[in-house]
K.L.:
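A single structure is presented below for examination.
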Amino acid sequence: MKEIILIKNGELALKGLNRRTFEDMLIKNMRRRLEPAGKFKFTVAQSTIVAEPEDGADIEEAVERMEKIFGIAGFSRAAAVEKDMETILRSAEEYLAPLLLTARTFKVEAKRADKKFPLKSPEICAETGGYLLRKFPHLSVDVHNPDVTVNVEIRDTHAYIHGNQIKGAGGMPTGSAGKAALLISGGIDSPVAGYMMAKRGLELIAVHFASPPYTSERAEQKVHSLLKQVSKYAGRIKLFVVPFTEIQELIKDNCPEDIFTVIMRRMMMRTAQLIAASEKAGALITGESVGQVASQTMPAIACTDAVCEIPVFRPLIGMDKDEVVAISRKIETFDISILPYEDCCTVFTPRHPKTRPTIGYVEECEKALETDRLSREAAENARVVYINA
Ligand code: ATP
Ligand code: MG
(Lines give C-alpha, C1' and ligand atoms only; values in the text may rest on other atoms or scores of the structure.)
(Ligands and ions follow the chains in the order given, each with its own letter.)
Protein backbone atom coordinates (compact mmCIF):
# COMPACT_ATOMS: atom_id res chain seq x y z
CA MET A 1 0.00 0.00 0.00
CA LYS A 2 1.39 3.38 -0.94
CA GLU A 3 1.73 5.89 1.88
CA ILE A 4 1.73 9.67 1.47
CA ILE A 5 1.55 12.76 3.70
CA LEU A 6 -1.43 15.14 3.53
CA ILE A 7 -0.76 18.66 4.76
CA LYS A 8 -3.52 21.01 5.86
CA ASN A 9 -2.11 24.49 5.94
CA GLY A 10 -4.00 26.18 8.78
CA GLU A 11 -3.47 29.93 9.02
CA LEU A 12 -2.45 30.01 5.36
CA ALA A 13 -6.00 29.31 4.33
CA LEU A 14 -6.89 32.80 5.57
CA LYS A 15 -4.47 34.62 3.37
CA GLY A 16 -6.76 35.13 0.38
CA LEU A 17 -4.92 36.36 -2.68
CA ASN A 18 -1.52 35.73 -1.15
CA ARG A 19 -2.34 32.14 -0.58
CA ARG A 20 -0.55 30.84 -3.66
CA THR A 21 2.66 32.67 -2.73
CA PHE A 22 2.53 31.29 0.80
CA GLU A 23 1.80 27.80 -0.44
CA ASP A 24 4.70 27.96 -2.88
CA MET A 25 6.97 29.12 -0.09
CA LEU A 26 5.83 26.36 2.22
CA ILE A 27 6.43 23.76 -0.48
CA LYS A 28 9.88 25.17 -1.18
CA ASN A 29 10.67 24.99 2.55
CA MET A 30 9.32 21.45 2.84
CA ARG A 31 11.29 20.30 -0.18
CA ARG A 32 14.50 21.63 1.33
CA ARG A 33 13.82 20.47 4.88
CA LEU A 34 12.74 16.95 3.90
CA GLU A 35 15.77 16.47 1.69
CA PRO A 36 17.68 14.34 4.24
CA ALA A 37 14.66 11.99 4.29
CA GLY A 38 14.70 11.54 0.50
CA LYS A 39 12.85 12.93 -2.52
CA PHE A 40 9.18 13.89 -2.30
CA LYS A 41 6.78 15.06 -4.99
CA PHE A 42 4.42 17.88 -3.94
CA THR A 43 1.01 18.64 -5.41
CA VAL A 44 -1.70 21.04 -4.26
CA ALA A 45 -5.46 20.54 -4.46
CA GLN A 46 -8.30 22.13 -2.49
CA SER A 47 -6.07 23.74 0.19
CA THR A 48 -4.38 20.42 0.87
CA ILE A 49 -0.79 19.71 -0.09
CA VAL A 50 0.12 16.12 -0.89
CA ALA A 51 3.70 14.97 -0.31
CA GLU A 52 4.35 11.76 -2.15
CA PRO A 53 7.57 9.89 -1.38
CA GLU A 54 9.65 8.81 -4.36
CA ASP A 55 11.79 5.67 -4.37
CA GLY A 56 13.65 5.06 -1.14
CA ALA A 57 12.33 8.13 0.73
CA ASP A 58 12.01 7.57 4.49
CA ILE A 59 8.51 8.53 5.57
CA GLU A 60 9.25 8.15 9.32
CA GLU A 61 12.05 10.67 9.14
CA ALA A 62 9.96 12.94 6.91
CA VAL A 63 7.17 12.97 9.51
CA GLU A 64 9.63 13.85 12.27
CA ARG A 65 10.97 16.74 10.19
CA MET A 66 7.50 17.81 9.10
CA GLU A 67 6.45 18.35 12.74
CA LYS A 68 8.95 21.21 12.96
CA ILE A 69 8.13 23.08 9.74
CA PHE A 70 6.30 26.36 10.33
CA GLY A 71 3.16 27.05 8.31
CA ILE A 72 1.68 23.60 8.88
CA ALA A 73 -1.29 23.43 11.26
CA GLY A 74 -1.66 19.69 11.01
CA PHE A 75 -0.90 16.80 8.74
CA SER A 76 -1.73 13.14 8.31
CA ARG A 77 -0.04 10.04 7.08
CA ALA A 78 -2.44 8.48 4.61
CA ALA A 79 -2.78 5.39 2.45
CA ALA A 80 -3.24 6.28 -1.23
CA VAL A 81 -5.33 3.57 -2.87
CA GLU A 82 -7.35 2.86 -6.00
CA LYS A 83 -10.73 4.62 -6.15
CA ASP A 84 -12.86 1.57 -5.78
CA MET A 85 -15.08 0.91 -2.74
CA GLU A 86 -13.93 -2.68 -2.29
CA THR A 87 -10.26 -1.59 -2.19
CA ILE A 88 -11.05 1.35 0.08
CA LEU A 89 -12.73 -0.88 2.66
CA ARG A 90 -9.98 -3.49 2.72
CA SER A 91 -7.27 -0.82 2.83
CA ALA A 92 -8.95 1.02 5.70
CA GLU A 93 -9.14 -2.23 7.64
CA GLU A 94 -5.50 -3.07 7.03
CA TYR A 95 -3.96 0.40 7.22
CA LEU A 96 -5.81 1.60 10.30
CA ALA A 97 -5.78 -1.70 12.21
CA PRO A 98 -3.07 -0.59 14.69
CA LEU A 99 -5.15 2.48 15.54
CA LEU A 100 -8.55 0.77 15.59
CA LEU A 101 -7.41 -2.19 17.68
CA THR A 102 -6.51 0.08 20.59
CA ALA A 103 -9.52 2.41 20.22
CA ARG A 104 -12.96 1.98 21.73
CA THR A 105 -14.94 4.41 19.62
CA PHE A 106 -14.67 5.78 16.09
CA LYS A 107 -16.48 7.65 13.37
CA VAL A 108 -16.00 7.96 9.64
CA GLU A 109 -15.75 11.20 7.70
CA ALA A 110 -15.79 11.24 3.93
CA LYS A 111 -14.92 13.92 1.37
CA ARG A 112 -15.73 13.47 -2.27
CA ALA A 113 -13.71 15.90 -4.36
CA ASP A 114 -14.22 13.72 -7.42
CA LYS A 115 -17.95 14.07 -8.06
CA LYS A 116 -17.84 11.21 -10.59
CA PHE A 117 -17.28 8.72 -7.79
CA PRO A 118 -20.50 6.64 -7.65
CA LEU A 119 -21.14 6.91 -3.90
CA LYS A 120 -21.95 10.19 -2.17
CA SER A 121 -20.15 11.15 1.05
CA PRO A 122 -22.86 9.93 3.48
CA GLU A 123 -22.95 6.60 1.62
CA ILE A 124 -19.17 6.24 1.83
CA CYS A 125 -19.39 6.91 5.58
CA ALA A 126 -22.18 4.39 6.08
CA GLU A 127 -20.45 1.64 4.09
CA THR A 128 -17.07 2.17 5.67
CA GLY A 129 -18.53 2.45 9.18
CA GLY A 130 -20.57 -0.73 8.77
CA TYR A 131 -17.64 -2.64 7.34
CA LEU A 132 -15.25 -1.60 10.14
CA LEU A 133 -17.83 -2.45 12.81
CA ARG A 134 -18.03 -5.98 11.39
CA LYS A 135 -14.23 -6.33 11.24
CA PHE A 136 -13.57 -4.76 14.65
CA PRO A 137 -16.55 -5.84 16.75
CA HIS A 138 -15.14 -4.29 19.94
CA LEU A 139 -15.66 -0.80 18.44
CA SER A 140 -18.70 1.41 18.72
CA VAL A 141 -19.57 4.59 16.86
CA ASP A 142 -19.31 7.95 18.61
CA VAL A 143 -19.90 10.89 16.30
CA HIS A 144 -19.18 13.56 18.94
CA ASN A 145 -15.99 12.52 20.65
CA PRO A 146 -14.49 9.45 18.96
CA ASP A 147 -11.08 7.98 19.83
CA VAL A 148 -10.37 7.66 16.12
CA THR A 149 -11.75 9.52 13.13
CA VAL A 150 -11.41 7.49 9.98
CA ASN A 151 -11.12 9.82 6.98
CA VAL A 152 -11.85 8.76 3.44
CA GLU A 153 -11.09 11.38 0.78
CA ILE A 154 -11.90 10.69 -2.85
CA ARG A 155 -9.52 12.82 -4.89
CA ASP A 156 -8.53 13.05 -8.58
CA THR A 157 -6.14 10.15 -8.83
CA HIS A 158 -6.56 8.21 -5.60
CA ALA A 159 -8.63 7.68 -2.53
CA TYR A 160 -6.81 8.71 0.64
CA ILE A 161 -7.44 6.94 3.92
CA HIS A 162 -6.16 8.33 7.18
CA GLY A 163 -6.71 8.34 10.92
CA ASN A 164 -6.18 11.12 13.44
CA GLN A 165 -4.19 14.19 12.46
CA ILE A 166 -0.68 14.91 13.71
CA LYS A 167 -0.32 18.42 15.13
CA GLY A 168 1.99 20.66 13.11
CA ALA A 169 4.30 23.44 14.33
CA GLY A 170 1.78 26.15 13.35
CA GLY A 171 2.87 29.66 12.45
CA MET A 172 3.77 30.95 9.00
CA PRO A 173 6.21 29.54 6.44
CA THR A 174 9.76 30.62 7.20
CA GLY A 175 10.72 33.51 4.95
CA SER A 176 7.15 34.60 4.21
CA ALA A 177 7.50 37.60 6.58
CA GLY A 178 11.00 38.57 5.43
CA LYS A 179 14.37 38.28 7.13
CA ALA A 180 15.70 39.43 10.51
CA ALA A 181 18.95 39.26 12.46
CA LEU A 182 18.88 37.39 15.77
CA LEU A 183 21.38 38.54 18.38
CA ILE A 184 22.30 35.25 19.95
CA SER A 185 24.24 34.76 23.17
CA GLY A 186 24.79 31.40 24.80
CA GLY A 187 21.90 32.01 27.18
CA ILE A 188 18.41 30.60 27.52
CA ASP A 189 16.49 33.54 26.09
CA SER A 190 17.85 34.41 22.67
CA PRO A 191 17.39 30.96 21.05
CA VAL A 192 13.76 31.01 22.23
CA ALA A 193 13.33 34.52 20.80
CA GLY A 194 14.67 33.29 17.45
CA TYR A 195 12.33 30.32 17.44
CA MET A 196 9.34 32.55 18.19
CA MET A 197 10.05 35.01 15.40
CA ALA A 198 10.81 32.23 12.90
CA LYS A 199 7.38 30.88 13.76
CA ARG A 200 5.89 34.15 12.55
CA GLY A 201 7.50 33.57 9.17
CA LEU A 202 10.85 35.33 9.55
CA GLU A 203 13.94 33.88 7.98
CA LEU A 204 16.79 34.17 10.50
CA ILE A 205 20.35 35.24 10.23
CA ALA A 206 22.28 35.30 13.51
CA VAL A 207 24.89 37.57 15.04
CA HIS A 208 27.09 36.45 17.92
CA PHE A 209 29.65 38.63 19.68
CA ALA A 210 32.69 36.73 20.87
CA SER A 211 35.52 38.09 22.99
CA PRO A 212 38.48 35.75 22.80
CA PRO A 213 40.49 35.06 24.88
CA TYR A 214 37.93 36.05 27.55
CA THR A 215 35.43 33.75 25.88
CA SER A 216 36.47 30.31 24.72
CA GLU A 217 36.14 28.31 21.53
CA ARG A 218 33.65 26.15 23.41
CA ALA A 219 31.43 29.17 24.07
CA GLU A 220 31.19 29.66 20.32
CA GLN A 221 30.55 25.94 19.77
CA LYS A 222 27.70 26.26 22.23
CA VAL A 223 26.13 28.96 20.05
CA HIS A 224 26.51 26.68 17.01
CA SER A 225 24.71 23.90 18.89
CA LEU A 226 21.91 26.24 19.97
CA LEU A 227 21.41 27.51 16.43
CA LYS A 228 21.49 23.99 15.05
CA GLN A 229 18.56 23.21 17.30
CA VAL A 230 16.72 26.40 16.24
CA SER A 231 17.40 25.59 12.58
CA LYS A 232 15.36 22.39 12.95
CA TYR A 233 12.43 24.81 12.91
CA ALA A 234 13.81 27.86 11.14
CA GLY A 235 15.81 26.20 8.37
CA ARG A 236 19.38 27.09 7.49
CA ILE A 237 20.86 30.01 9.46
CA LYS A 238 23.78 32.17 8.37
CA LEU A 239 25.72 33.05 11.53
CA PHE A 240 28.09 36.02 11.84
CA VAL A 241 30.63 35.68 14.62
CA VAL A 242 31.79 39.19 15.44
CA PRO A 243 35.13 39.88 17.16
CA PHE A 244 34.19 41.99 20.17
CA THR A 245 37.30 41.93 22.37
CA GLU A 246 38.74 45.26 21.28
CA ILE A 247 35.42 47.07 21.71
CA GLN A 248 34.90 45.65 25.17
CA GLU A 249 38.42 46.54 26.26
CA LEU A 250 38.00 50.09 24.95
CA ILE A 251 34.72 50.43 26.84
CA LYS A 252 36.37 49.09 29.98
CA ASP A 253 39.34 51.46 29.71
CA ASN A 254 37.45 54.60 28.68
CA CYS A 255 33.93 54.57 30.09
CA PRO A 256 32.50 54.63 33.64
CA GLU A 257 31.91 51.15 34.96
CA ASP A 258 28.25 51.69 35.89
CA ILE A 259 27.34 52.14 32.23
CA PHE A 260 29.46 49.37 30.60
CA THR A 261 26.59 47.07 29.82
CA VAL A 262 24.38 49.68 28.17
CA ILE A 263 27.24 50.93 26.00
CA MET A 264 28.16 47.40 25.11
CA ARG A 265 24.57 46.67 24.09
CA ARG A 266 24.46 49.82 21.98
CA MET A 267 27.66 48.70 20.23
CA MET A 268 26.07 45.31 19.62
CA MET A 269 23.01 46.93 18.10
CA ARG A 270 25.03 49.25 15.87
CA THR A 271 27.12 46.37 14.59
CA ALA A 272 24.17 44.02 14.15
CA GLN A 273 22.36 46.68 12.13
CA LEU A 274 25.26 46.98 9.71
CA ILE A 275 25.24 43.22 9.24
CA ALA A 276 21.46 43.24 8.87
CA ALA A 277 21.71 45.93 6.19
CA SER A 278 24.31 43.99 4.22
CA GLU A 279 22.09 40.89 4.36
CA LYS A 280 18.86 42.79 3.55
CA ALA A 281 17.40 41.89 6.94
CA GLY A 282 14.72 44.34 8.09
CA ALA A 283 14.74 43.93 11.87
CA LEU A 284 16.77 42.81 14.87
CA ILE A 285 15.63 40.16 17.37
CA THR A 286 16.78 39.94 20.99
CA GLY A 287 15.87 37.80 23.98
CA GLU A 288 15.27 40.74 26.31
CA SER A 289 12.45 40.79 28.83
CA VAL A 290 11.56 43.80 30.97
CA GLY A 291 13.24 43.92 34.35
CA GLN A 292 15.17 40.67 34.02
CA VAL A 293 18.59 42.25 34.57
CA ALA A 294 19.97 45.79 34.92
CA SER A 295 20.36 46.21 31.16
CA GLN A 296 16.73 45.32 30.62
CA THR A 297 14.99 47.98 32.68
CA MET A 298 12.80 50.31 30.67
CA PRO A 299 15.33 53.19 30.74
CA ALA A 300 18.14 50.83 29.71
CA ILE A 301 16.09 49.45 26.84
CA ALA A 302 15.31 53.02 25.79
CA CYS A 303 19.06 53.72 25.63
CA THR A 304 19.62 50.60 23.55
CA ASP A 305 16.74 51.43 21.22
CA ALA A 306 18.05 54.95 20.69
CA VAL A 307 20.75 53.66 18.34
CA CYS A 308 18.40 51.40 16.37
CA GLU A 309 17.05 52.56 13.04
CA ILE A 310 15.22 49.34 12.24
CA PRO A 311 12.60 47.66 14.44
CA VAL A 312 13.85 45.50 17.31
CA PHE A 313 11.64 42.48 17.95
CA ARG A 314 11.69 41.29 21.56
CA PRO A 315 9.20 38.44 21.66
CA LEU A 316 10.00 37.61 25.31
CA ILE A 317 9.45 41.15 26.54
CA GLY A 318 6.48 40.30 28.77
CA MET A 319 7.33 36.74 29.67
CA ASP A 320 8.48 35.24 32.97
CA LYS A 321 11.62 33.16 33.05
CA ASP A 322 9.70 29.94 33.68
CA GLU A 323 7.60 30.53 30.57
CA VAL A 324 10.75 31.01 28.53
CA VAL A 325 12.31 27.90 30.08
CA ALA A 326 9.23 25.87 29.15
CA ILE A 327 9.69 26.80 25.48
CA SER A 328 13.43 26.22 25.60
CA ARG A 329 12.77 22.71 26.93
CA LYS A 330 10.25 22.09 24.19
CA ILE A 331 12.65 23.10 21.43
CA GLU A 332 15.50 21.33 23.26
CA THR A 333 17.82 24.29 23.66
CA PHE A 334 17.61 24.37 27.47
CA ASP A 335 20.22 21.70 28.21
CA ILE A 336 22.66 23.38 25.82
CA SER A 337 21.99 26.87 27.23
CA ILE A 338 22.84 25.85 30.78
CA LEU A 339 26.32 24.59 29.84
CA PRO A 340 28.70 26.77 31.84
CA TYR A 341 30.79 28.61 29.19
CA GLU A 342 31.49 32.31 29.63
CA ASP A 343 29.59 34.82 27.53
CA CYS A 344 31.15 38.16 26.65
CA CYS A 345 28.51 39.92 28.78
CA THR A 346 29.35 38.00 31.92
CA VAL A 347 33.06 38.66 31.50
CA PHE A 348 32.65 42.43 31.74
CA THR A 349 29.68 42.72 34.08
CA PRO A 350 29.96 45.85 36.23
CA ARG A 351 29.54 45.50 40.00
CA HIS A 352 26.96 48.26 40.29
CA PRO A 353 25.23 48.81 36.94
CA LYS A 354 23.03 51.87 36.52
CA THR A 355 19.44 50.68 36.34
CA ARG A 356 18.16 54.08 35.20
CA PRO A 357 20.62 55.37 32.64
CA THR A 358 19.64 58.41 30.59
CA ILE A 359 20.42 58.81 26.91
CA GLY A 360 22.27 62.05 27.66
CA TYR A 361 24.60 60.32 30.14
CA VAL A 362 25.25 57.36 27.84
CA GLU A 363 26.02 59.59 24.88
CA GLU A 364 28.37 61.66 27.02
CA CYS A 365 30.24 58.52 28.15
CA GLU A 366 30.38 57.18 24.59
CA LYS A 367 32.27 60.25 23.36
CA ALA A 368 35.43 58.47 24.43
CA LEU A 369 34.80 55.87 21.70
CA GLU A 370 34.78 56.04 17.92
CA THR A 371 31.50 54.15 17.83
CA ASP A 372 30.98 54.33 14.04
CA ARG A 373 34.42 53.16 13.07
CA LEU A 374 34.46 50.43 15.72
CA SER A 375 31.10 48.99 14.76
CA ARG A 376 31.93 49.16 11.04
CA GLU A 377 35.20 47.30 11.57
CA ALA A 378 33.57 44.74 13.80
CA ALA A 379 30.90 44.05 11.17
CA GLU A 380 33.53 43.81 8.42
CA ASN A 381 35.63 41.37 10.41
CA ALA A 382 32.76 39.03 11.20
CA ARG A 383 33.31 35.39 10.32
CA VAL A 384 30.47 33.52 8.61
CA VAL A 385 29.36 30.02 9.63
CA TYR A 386 26.39 28.25 8.03
CA ILE A 387 24.26 26.30 10.49
CA ASN A 388 22.02 23.53 9.23
CA ALA A 389 19.94 20.96 11.10
P1 ATP B 1 20.17 35.40 26.94
O2 ATP B 1 19.66 34.30 27.79
O3 ATP B 1 19.61 35.38 25.57
O4 ATP B 1 21.67 35.49 27.00
P5 ATP B 1 19.96 37.30 29.03
O6 ATP B 1 18.73 37.28 29.81
O7 ATP B 1 21.17 36.64 29.58
O8 ATP B 1 19.63 36.74 27.58
P9 ATP B 1 21.54 39.64 28.38
O10 ATP B 1 22.78 38.87 28.60
O11 ATP B 1 21.37 40.97 28.99
O12 ATP B 1 20.24 38.83 28.76
O13 ATP B 1 21.32 39.82 26.84
C14 ATP B 1 20.15 40.35 26.33
C15 ATP B 1 20.07 40.04 24.86
O16 ATP B 1 21.20 40.59 24.18
C17 ATP B 1 20.18 38.57 24.55
O18 ATP B 1 18.92 37.94 24.63
C19 ATP B 1 20.72 38.57 23.16
O20 ATP B 1 19.69 38.81 22.21
C21 ATP B 1 21.68 39.75 23.17
N22 ATP B 1 23.06 39.31 23.50
C23 ATP B 1 23.64 39.22 24.70
N24 ATP B 1 24.91 38.76 24.60
C25 ATP B 1 25.14 38.55 23.30
C26 ATP B 1 26.25 38.07 22.53
N27 ATP B 1 27.40 37.70 23.10
N28 ATP B 1 26.12 38.00 21.19
C29 ATP B 1 24.96 38.36 20.60
N30 ATP B 1 23.89 38.81 21.25
C31 ATP B 1 23.96 38.90 22.58
MG1 MG C 1 22.99 36.50 28.42
Side-chain angles (χ1 to χ4, degrees), residues 180-198 204-212 214-216 218-224 226-227 229-230 237 239-245 247-248 251 259-276 283-298 300-301 303-305 307-308 312-325 327-329 331 333-350 353-355 357 375 378-379 382-383 385:
L182 168 68
L183 281 84
I184 181 148
S185 66
I188 294 170
D189 301 329
S190 37
V192 171
Y195 159 83
M196 286 175 72
M197 294 319 296
L204 301 183
I205 61 167
V207 181
H208 174 67
F209 297 89
S211 297
Y214 303 104
T215 60
S216 65
R218 292 170 80 182
E220 189 189 319
Q221 283 305 321
K222 181 181 172 182
V223 170
H224 294 191
L226 286 171
L227 282 177
Q229 211 44 48
V230 175
I237 300 171
L239 164 67
F240 293 80
V241 181
V242 181
F244 209 48
T245 318
I247 290 178
Q248 285 195 301
I251 296 173
I259 204 75
F260 277 4
T261 315
V262 172
I263 295 183
M264 186 185 76
R265 306 214 25 82
R266 281 161 61 97
M267 289 307 296
M268 284 185 179
M269 295 308 218
R270 288 188 178 100
T271 310
Q273 275 184 111
L274 292 172
I275 293 172
L284 303 179
I285 303 167
T286 75
E288 289 161 301
S289 126
V290 166
Q292 200 181 76
V293 287
S295 62
Q296 297 178 27
T297 61
M298 196 161 63
I301 289 178
C303 289
T304 312
D305 259 356
V307 299
C308 296
V312 182
F313 295 148
R314 299 178 170 93
L316 314 187
I317 198 71
M319 288 170 76
D320 290 347
K321 197 72 183 185
D322 56 347
E323 295 172 303
V324 179
V325 165
I327 300 177
S328 78
R329 287 191 191 280
I331 63 171
T333 51
F334 184 76
D335 290 336
I336 308 169
S337 291
I338 59 174
L339 295 172
Y341 310 120
E342 292 289 348
D343 183 61
C344 68
C345 299
T346 38
V347 179
F348 291 89
T349 306
K354 247 195 194 332
T355 51
S375 49
R383 182 163 40 82
V385 186

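Order of listing sets the numbers, starting from 1, for every ligand and every atom in it.
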K.L.:
Gly187 heavy atoms, cut-off 4.0 Å: which ligand 1 atoms fall inside?
P.N.:
1 (P), 2 (O), 4 (O)
K.L.:
If you measure from atom 8 (O) of ligand 1 to every heavy atom of Leu183, Val192, Asp189, which option wins on shortest distance?
P.N.:
Asp189
K.L.:
Any nitrogen or oxygen of Pro191 lying under 3.5 Å from a nitrogen or oxygen in ligand 1? Just yes or no.
P.N.:
no
K.L.:
Using a strict 4.0 Å cut-off to heavy atoms of Thr286, name the atoms of ligand 1 that fall inside it.
P.N.:
20 (O)
K.L.:
Please answer whether the main-chain N or O of Thr355 pairs with a side-chain N or O of Thr297 as donor and acceptor at a distance below 3.5 Å.
P.N.:
yes
K.L.:
Counting from 1, what ligand 1 atoms have a heavy atom of Arg265 closer than 4.0 Å?
P.N.:
13 (O), 14 (C), 15 (C), 16 (O), 21 (C), 22 (N), 23 (C)
K.L.:
Which of these passes side chain to side chain contact (heavy atoms under 4.5 Å, CB included) with Met264: Met267, Met268, Arg266?
P.N.:
Met268
K.L.:
Could you tell me whether some N/O pair between Lys321 and ligand 1 is separated by less than 3.5 angstrom?
P.N.:
no
K.L.:
Measure across Ile275 and Ala379 and return the closest heavy-atom pair with its distance rounded to 0.1 Å.
P.N.:
CG1-CB, 3.9 Å
K.L.:
Checking Ile188 now: which residues fulfil side chain to side chain contact (heavy atoms under 4.5 Å, CB included) with it, not counting sequence neighbours?
P.N.:
Lys321, Val324, Val325, Ser328, Phe334, Ser337, Ile338
K.L.:
Can you measure from CD1 (Ile259) to NZ (Lys354) and round to the nearest 0.5 angstrom?
P.N.:
6.5 Å
K.L.:
Tell me which one of Ala272, Gly287, Ala206, Ala210 gets a heavy atom nearest to atom 17 (C) of ligand 1.
P.N.:
Gly287
K.L.:
Do any N/O atoms on Ile188 end up under 3.5 angstrom from N/O atoms on ligand 1?
P.N.:
yes
K.L.:
According to salt bridge (charged side-chain N to carboxylate O under 4.0 Å, His left out), who are the partners of Lys222, at least two apart in sequence or on a separate chain?
P.N.:
none
K.L.:
In the structure I gave you, are the side-chain heavy atoms of Gln221 and Leu339 within less than 4.5 Å of one another anywhere?
P.N.:
no
K.L.:
So which bit of Ile184 gets within less than 4.0 Å of ligand 1, heavy atoms only: side chain, backbone, both or neither?
P.N.:
backbone
K.L.:
Enumerate the atoms of ligand 1 whose separation from the nearest heavy atom of Val207 is less than 4.0 angstrom.
P.N.:
29 (C)
